[in-house]
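Have a look at the structure below, then the notes.
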Amino acid sequence: MLRRDFLRRTVTGFGATLFATRFAPAASLETEPLSRKFNAHDEVVLGKTGIRTSRLAMGTGTIGGGGASNQTRIGNNPFVTLLLNGYNDNGLRFFDTADSYGSHPYVAEAIKQLPRDKVTVLTKSDNRDPAGLRRDIDRFRKELGVDYIDILLIHCVTEGDWTTRYRGVMDVLSEAKQKGVIRAHGCSCHTLPALRAAAASPWVEVDLVRLNPIGSHMDADPKTVVSVIQQMRASGKGIVGMKILGQGDMRNRPSEAIRYALSTGVLDAFTIGAESQAEQNDLTRRIAAA
């Protein structure tokens, strides 16, 4: 459906004006060429962690929560095949998972069939109790079928004082890194105060940040968020983008969203959850075409 038809049919009056203004395309994002060539399979380094992986991560948590996601709902064989094809056909070496998505067993099945040292596994815990997180780490490794986890994040941080409030779980992750159980730690942020706290914290090695050109499901407007991410990069943090398609609000404008993510220059990598091989192939083509 053409965008103008969609606007006409779904919203009217003042609401239509607001919608059209917020979601109006940025002409420069659709026409201006980027300064360099990008590919989904490009090898990138996440900040100062030394972790090398692909530019595009395979997300496994679209509409995820309560132990399920759109990816897990397509079934075991199709989902595992999607992960394997992403690695083998498109060079995607980055698996983005989380306890709350219920995707650990599927990722584990794929990892069994791949060289472990060539795959980057990022997962997340919602646990705010140190003892509980310690148990999570052991459980996650068993569920993923791995001896170590590349990146483990405190999931969905919202408090501006989280680096003080959750010092206990931060210490557990620091201990796990010292033991070689994880390679890097950090957080995923879901408010601007939390994002700013992460930028200021030397403990954060990897940050999962929300970024898209229309400010959908983000911590603040894109300009503000980019300025905070620039501070993170200056201190050597690894930056992985999420909500690149605005949690579906830009599903009909993926090229614009991808071009924006690449043009900002603040992301080492970004994650998008494909739900079919056709979608995954389309994403890799659009990154190359940007």
Side-chain angles (χ1 to χ4, degrees), residues 46-49 51 57 59 61-66 69 96-101 122-130 132-133 136-137 140 149-177 182 184-247 249 260-261 264 266-273:
L46 302 181
K48 294 181 178 179
T49 66
I51 296 173
T62 304
I63 316 298
S69 69
D96 170 30
T97 183
D99 187 31
S100 61
Y101 305 160
L122 180 156
T123 191
K124 319 169 194 82
S125 172
D126 294 298
N127 216 317
R128 302 299 194 257
D129 171 64
L133 179 58
D136 276 356
I137 294 172
F140 290 2
I149 296 168
D150 295 283
I151 306 165
L152 185 51
L153 306 181
I154 305 173
H155 200 183
C156 196
V157 175
T158 59
E159 300 86 353
D161 66 346
W162 73 267
T163 56
T164 300
R165 185 181 302 198
Y166 301 129
R167 187 75 245 178
V169 296
M170 294 165 66
D171 289 344
V172 168
L173 291 175
S174 295
E175 176 186 318
K177 181 184 175 182
I182 67 174
H185 45 63
C187 64
S188 65
C189 295
H190 285 255
T191 68
L192 183 59
L195 187 69
R196 285 177 167 155
S201 172
W203 178 87
V204 175
E205 298 172 317
V206 176
D207 204 321
L208 189 60
V209 301
R210 302 189 288 183
L211 187 64
N212 57 73
I214 61 175
S216 176
H217 299 276
M218 283 177 53
D219 302 327
D221 63 274
K223 183 178 179 180
T224 298
V225 169
V226 167
S227 69
V228 179
I229 299 174
Q230 288 172 336
Q231 296 173 32
M232 292 180 168
R233 287 185 65 83
S235 64
K237 302 183 193 308
I239 312 296
V240 181
M242 61 173 167
K243 307 298 184 188
I244 301 300
L245 300 182
Q247 198 165 306
D249 287 336
Y260 177 77
T264 62
V266 297
L267 303 179
D268 295 317
F270 53 88
T271 178
I272 302 177

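None of the values given here were measured: they were computed from a predicted structure.
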Open item on the list: So, using ring-ring contact (aromatic ring centres under 6.0 Å, His included) as the criterion, who are the partners of Phe270 when residues are at least two apart?
Closed with: none
TODO: Measure the spacing between CD1 of Ile182 and CZ of Phe140 and express it to the nearest 0.5 Å.
DONE: 11.5 Å
Task: Between NE2 on residue His217 and NE2 on residue His190, distance to nearest 0.5 Å - done: 11.5 Å
Task: Heavy-atom closest contact (Val157 atom, Ala194 atom, distance) - done: O-CB, 3.5 Å
- [ ] Kindly determine whether Val240 and Asp96 satisfy side-chain contact (heavy atoms from CB on, under 4.5 Å), including the steps that lead there.
- [x] CA-CA 10 Å; Val240 181; Asp96 170 30; over 6 Å; no
- [ ] With the side chain counted from C-beta on, respond yes when Thr271 and Leu208 share a heavy-atom pair under 4.5 Å apart, and no when they do not.
- [x] yes
Open item on the list: Using side-chain heavy atoms (C-beta onward) and a distance below 4.5 Å, is Val266 in contact with Val209?
Closed with: no
- [ ] Say whether, by atom type as modelled, one donor and one acceptor occur between the side chain of Asp99 and the main chain of Ser125 under 3.5 angstrom.
- [x] no
Task: Distance-minimising heavy-atom pair for Leu46 and Ile151 - done: CD1-CD1, 3.5 Å
Task: Spatial distance of atom CG (Asp126) from atom CG (Leu153) [nearest 0.5 Å] - done: 11.0 Å
Open item on the list: I need the full list of salt bridge (charged side-chain N to carboxylate O under 4.0 Å, His left out) pairs touching residues 218-229, with sequence neighbours left out, sorted by first then second residue.
Closed with: Arg210-Asp219
- [ ] Answer whether the closest heavy-atom distance between the side chains of Ile214 and Tyr260 falls below 4.5 Å.
- [x] no
Task: Side-chain touch Leu152/His185, heavy atoms, less than 4.5 angstrom - done: no
- [ ] Ignoring hydrogens and angles, tell me if any N or O in the side chain of Ser69 forms a donor-acceptor pair with the backbone of Gly64 under 3.5 Å.
- [x] no
Open item on the list: Give me the atom names and distance for the closest heavy-atom approach of Ser235 to Ala199.
Closed with: OG-O, 4.4 Å
TODO: Check step by step if side-chain contact (heavy atoms from CB on, under 4.5 Å) holds for Ile239 and Lys237.
DONE: CA-CA 6 Å; Ile239 312 296; Lys237 302 183 193 308; 4.1 Å; yes
Task: Inter-residue atom distance Gln230.CD - Thr264.OG1, 0.5 Å rounding - done: 8.5 Å
Task: Verdict with reasoning, Ile244 to Leu267, per side-chain contact (heavy atoms from CB on, under 4.5 Å) - done: CA-CA 11 Å; Ile244 301 300; Leu267 303 179; 4.2 Å; yes
TODO: Return yes if some donor-acceptor pair links the side-chain N/O of Trp203 with the main-chain N/O of Met170 below 3.5 Å, else return no.
DONE: yes
- [ ] Can you see which heavy atom on His155 is nearest to which on Ala98, and at what distance?
- [x] CE1-CB, 4.0 Å
Task: Met232 side chain near Leu195 side chain, heavy-atom distance below 4.5 Å - done: yes
Task: Heavy-atom side-chain contact between Arg128 and Ile154 under 4.5 Å - done: yes
Open item on the list: For residues 187-203, which residue pairs pass the salt bridge (charged side-chain N to carboxylate O under 4.0 Å, His left out) check, not counting sequence neighbours?
Closed with: none
Task: Intermediate values then yes/no, side-chain contact (heavy atoms from CB on, under 4.5 Å), Leu173 and Ile137 - done: CA-CA 9 Å; Leu173 291 175; Ile137 294 172; 4.1 Å; yes
- [ ] Compare all side-chain heavy atoms of Asp207 with those of Cys189 and state whether any distance is below 4.5 angstrom.
- [x] yes
Task: Considering all heavy atoms, the nearest Ala184-Ile51 contact - done: CB-CD1, 3.9 Å
Task: Minimum-distance pair of heavy atoms, taken over all atoms of Pro222 and Gly215 - done: CG-N, 3.8 Å
Open item on the list: Test your reading of the model: is there a side-chain donor-acceptor pair from Ser201 to the backbone of Ala198, 3.5 Å cut-off?
Closed with: no
Task: Note, Val206 side chain near Asp268 side chain (heavy atom, < 4.5 Å) - done: no
Task: Check: Lys124 side chain, Thr97 main-chain N or O, donor-acceptor pair, under 3.5 Å - done: yes
